[in-house]
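Values in this document were obtained by computation on a predicted structure and should not be read as measured data.
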Amino acid sequence: MKCADRVWIVLGFLFCSLGSAGGSLRLAEDNIDEIVRQMSPREKAMLLVGCESLVSKDSLTVYVPGAAGYTKSFPQYGIPSTVMADGPVGVRIFPIKVDGKRHYCTCFPSSTLLASTWDTQLVETQAGAMGEEAAVYDVDVILTPGINIMRNPLCGRNFEYFSEDPVLSGLMGAAMVNGVQSRGIGTSLKHFVANNQQVNKLNNDSRIPVKALREIYLKGFEICLQHSNPWTVMSSYNKIGGILNQSNAELLRTVLREEWGYDGLVVSDWYGKRNSPEQLEGGTNLLMPGEKAQLEEIEAGIESGALSMEVIDDAVKHILDYVVKTKAFRKDIHAALPDLEQHAALSRSVAGQGMVLLKNDSCVLPLKGIKNISLFGATAYHSIAGGGGSSNVNKSHIVDISTGLEQVGFVLDRSLKDLYTKYNAYQEALLVDPKATDWERLSYRRYVYPEMDLMPNKTLVGEQAKSNDMAVVVIGRGSTEESDRKVHDDFNLSDSEIYMIDKVCEEFHARNKKVVVLLNIGGVVETASWKNKPDAILSVWFPGQECGHAVADVLTGTVNPSGKLPMTFPVRYSDIPSSKNYPTVGETLSGENFDYTSYEEGVWVGYRYFTTADKAVSYPFGYGLSYTEFLYSEPSVKKEKGRWVAKIKVTNVGAAEGHESVQVYVGAENRASENPLRELKAFGKTKLLKPGESEILTMNFTDYDLAHFDEPSSSWVLEKGLYKVSFGASCEDIRSVRDIKVKKQQRWGVNRVLNPVVPVQTMTID
């Protein structure tokens, strides 16, 4: 069934007259070189510039409302236009009308939540569903995954990324690529590389010591490309070594293509026009979403000889190699709409598995014998499915936490619910355009409301404590690519939120009643100053459109949460090394951390710093509780067929069925001072184990995986000696350790490239 409001364009001869060969030679997988020889310089230039949908619909074979961008069609050569849509947690297009009814895409959980599952197969399953929706709605590429490192918790785009660790980021990214592309739909690995702040992201020079760049920021991309083959890679806006990444031949040609062997399509990030000839010379093949000025610059470069036809032809070949993979070229026809009910159920299931139980004193959760609940927090009644910007999927609904709790039988205090409902309605009237459609109010116009101040009403919380069985407090945080976050009233809780938690815990505990806090967040918030007050804390992240249902599943024990943190929760923001070199929103307008950012922390990102420096954290990397307990036993590490094979037996020794994620960390017994104490090298997750049931997990890593980067020799070096392989339930909860011996030093040389424009003084750990 085709969508009635799609615009199908009648194609003719476009832009220029055609030679006789143009009418007979048609694109095929085996004649790309011939097509390139037949195309005129102008035709080639036009192919290198994306077709901005709002300007050039006449150059499209199919138009998908709300898609991010298109490539141009050349019917004389049988080259169709292709459609690219935003991701990363669902296909972002406008709702489609079929037979008078609107059809939407599924808003799946955020990348942060996906990483918290530590389950690559689950990520692949979600990605497959995203690919199915893309195929039905005539989308050829989903612009996902984003795998930049969470260098600092204030990055506004962290919810689109996976982790502070490159191994977790790279393997999760590969699972996303493999899942989407298993459905014949392409992906775009992004943003290459070091898109770690939104403040001046178009021009910021990321001054990163080469060791840190290789080990932390490039490594996730390298790992992803080792385990998957994304159709496209998207270069980021920022600079490395003083050169814009989209024009950086050392990055795009030397590292990406020569060292890593990538042979797919390199596309620019959207908008933020650059010098077009420089981009092509530097290794970008396709300029998106496309502007007339870019075409004119390319043509002028060809005419003057400043832009070689060798560079042009190479880019054209990469585009045509991409085109012949697409459903547009294959002319796939999908007769049915996607099974959105099935995908909603999948979204709900994934969300429950990625929630992280941070605290559960006296086994308060799952809730037993509870009926009447005082539900506090504006976000409880207006919940956050996902972040803002290009990842904001147009969905049919969002199940609020309040709705999810009610639908499983909990009775929410009516007076409190009415109060928050009126408060949220007032906020909506202030913030939302009254002309906005219902679907816009679920996506572009859905705002995160500031918390209601309970302080003026001195008796409200006490009355709630008298009348109800327990309290659930919801703390919400928005996040978007349009801005970085702030420390005040964002990373740190606001005064209203602190008062709400304090007062609720005081009044309910005075009556021997429990309090649970839910964190509906996309990234890290401060927890150390208040976490001792509630009885349980559950991070539900941005759990997608089925938010309330998934939360209810976990609170009732229908789902045992098995999520573990993909990042560190510090005690305070200032404890994070990068806090000394990160922009302050609204205050940083030029100079340091705006025009350039010096990564003076080097490799000391996240748990690498906290474990090595032995510095206290609120919650460590890899941490997460369960409703059951697991015993680790029978560890072993052996070299088999050139790989290290680590095995551990995991037994469920508790009373509830559940999953367990095991993390494998490795560190040299006699480590150099510039290297971390231990680093994640592999991980695995059990099946759903029943009480008493066991499973042996097998995890692999190589000698190359253990190497550190040596800047003086520009090589990866693995020193001989003893290495400790730690099996952990988190980076701090190490359950078993085994030694392995590397018998001789090994080196892997790479190109001496991507040096910062000025030396960066890197911090040391005493």
Just to verify, which of Glu657, Glu693, Glu695 counts as forming a salt bridge (charged side-chain N to carboxylate O under 4.0 Å, His left out) with Lys687? Glu693
From Met172, Met355, Gln126, His659, residue fulfilling side-chain contact (heavy atoms from CB on, under 4.5 Å) relative to Thr117: Met172
Ring-face cation of Lys564 near Phe683 (centre distance under 6.0 Å, axis angle within 45°): no
Kindly say whether Val123 contributes a backbone atom to a donor-acceptor pair with the side chain of Asp119 at under 3.5 angstrom? no
For Lys359 versus Pro534, what's the shortest heavy-atom pair and its separation? NZ-O, 2.7 Å
Heavy atoms only: give me the nearest Glu164-Met567 pair and the separation to one decimal. OE1-CA, 3.4 Å
Backbone N/O of Ala194 and side chain of Asn148: donor-acceptor pair under 3.5 Å: yes
Quick check: closest heavy atoms across Val210 and Phe709, and the distance to 0.1 Å? CG1-CE2, 3.5 Å
Between the side chains of Ser236 and Asn245, is a donor N or O closer than 3.5 angstrom to an acceptor N or O? yes
Enter the distance from Gln181:CD to Met176:CE here, rounded to the nearest 0.5 Å. 11.5 Å
Spatial distance of atom CD1 (Ile147) from atom NE2 (His191) [nearest 0.5 Å]: 11.0 Å
If we check salt bridge (charged side-chain N to carboxylate O under 4.0 Å, His left out) with Asp165, which of these qualifies: Arg151, Lys219, Arg608? Arg608
Indicate the atoms forming the closest heavy-atom contact of Ser391 with Pro88, along with that distance. CB-CD, 3.0 Å
For Lys639, does the NZ atom have more than 12 heavy-atom neighbours from other residues, nucleotides or ligands under 6.0 Å away? yes
Between the side chains of Tyr161 and Asn195, does any donor sit under 3.5 Å from an acceptor? yes
Is there a side-chain contact between Val666 and Val637 in this structure, where contact means two heavy atoms from C-beta onward sitting under 4.5 Å apart? no
Does the pair Arg214 and Glu711 meet the rule for a salt bridge (Lys or Arg N to Asp or Glu O under 4.0 Å), with working shown? CA-CA 10 Å; Arg214 288 281 187 174; Glu711 285 194 39; over 6 Å; no
What's the separation between atom CD in Glu601 and atom CD1 in Ile765, rounded to the nearest 0.5 Å? 11.0 Å
Of all the heavy-atom pairs spanning Phe159 and Gly387, show the shortest one and how long it is. CE1-CA, 3.3 Å
Residue pair Lys741, Asp739: steps toward the salt bridge (Lys or Arg N to Asp or Glu O under 4.0 Å) verdict: CA-CA 7 Å; Lys741 187 174 184 179; Asp739 289 341; over 6 Å; no
Pair Trp541 and Phe108, ring centroids less than 6.0 Å apart: no
Run the side-chain contact (heavy atoms from CB on, under 4.5 Å) test on Tyr632 and Leu697 for me, step by step, so that the C-alpha distance in whole Å, both residues' side-chain angles and the decisive distance to 0.1 Å come before the verdict. CA-CA 10 Å; Tyr632 293 21; Leu697 290 178; over 6 Å; no
Walk me through it: do Ser626 and Asn560 pass the test side chain to side chain donor-acceptor pair (under 3.5 Å)? CA-CA 7 Å; Ser626 172; Asn560 185 347; 3.2 Å; yes
Do Asn520 side-chain atoms and Val540 backbone N/O form a donor-acceptor pair below 3.5 Å? no
Does Glu669 CD have over 12 foreign heavy atoms under 6.0 Å away? yes
Within a 6.0 Å radius of atom CD on Glu732, are there more than 12 heavy atoms belonging to other residues, nucleotides or ligands? yes
Donor-acceptor check, side chain of Ser578 to backbone of Asn581, threshold 3.5 angstrom: yes or no? no
Lys531 NZ: over 12 foreign heavy atoms closer than 6.0 Å: yes
Is it the case that atom CG in Asp614 sees more than 12 heavy atoms from other parts of the structure closer than 6.0 Å? no
Test item: Asp705 and Val167 side chains (from C-beta on) under 4.5 Å apart, heavy atoms: no
Using side-chain contact (heavy atoms from CB on, under 4.5 Å), reason through Asn196 and Tyr217 one step at a time and then give a plain yes or no. CA-CA 10 Å; Asn196 302 124; Tyr217 300 100; 3.6 Å; yes
Phe162 side chain near Pro566 side chain, heavy-atom distance below 4.5 Å: no
Under 4.0 Å between a Lys/Arg side-chain N and an Asp/Glu carboxylate O for Lys647 and Glu634? no
Going by heavy atoms in the side chains, are Ser188 and Val233 under 4.5 Å from each other? no
Does a donor on one side chain and an acceptor on the other come within less than 3.5 Å for Ser715 and Arg747? yes
Is the cationic atom of Lys580 (NZ for Lys, CZ for Arg) positioned less than 6.0 Å from the six-membered ring centroid of Trp604 and within 45 degrees of its normal? no
Asn751 vs Glu250, test: side-chain contact (heavy atoms from CB on, under 4.5 Å). Steps then yes/no. CA-CA 9 Å; Asn751 294 280; Glu250 290 186 347; over 6 Å; no
Carefully, step by step, assess Tyr573 and Phe491 under the rule ring pair (Phe, Tyr, Trp, His ring centres under 6.0 Å). CA-CA 8 Å; Tyr573 177 70; Phe491 178 85; 5.6 Å; yes
Does Asn360 reach the main-chain N or O of Leu365 with its side chain, forming a donor-acceptor pair under 3.5 Å? yes
Give a yes-or-no answer on whether the side chains of Thr558 and Thr556 include a donor-acceptor pair shorter than 3.5 Å. yes
State, to 0.1 Å, how close Ile216 and Pro166 come at their nearest heavy-atom pair, and which atoms those are. O-CB, 3.6 Å
May I ask you to decide if Ser169's main-chain N or O and Ser163's side chain share a donor-acceptor pair within less than 3.5 Å? no
Kindly determine whether Tyr582 and Cys155 satisfy side-chain contact (heavy atoms from CB on, under 4.5 Å), including the steps that lead there. CA-CA 9 Å; Tyr582 202 81; Cys155 178; 3.3 Å; yes
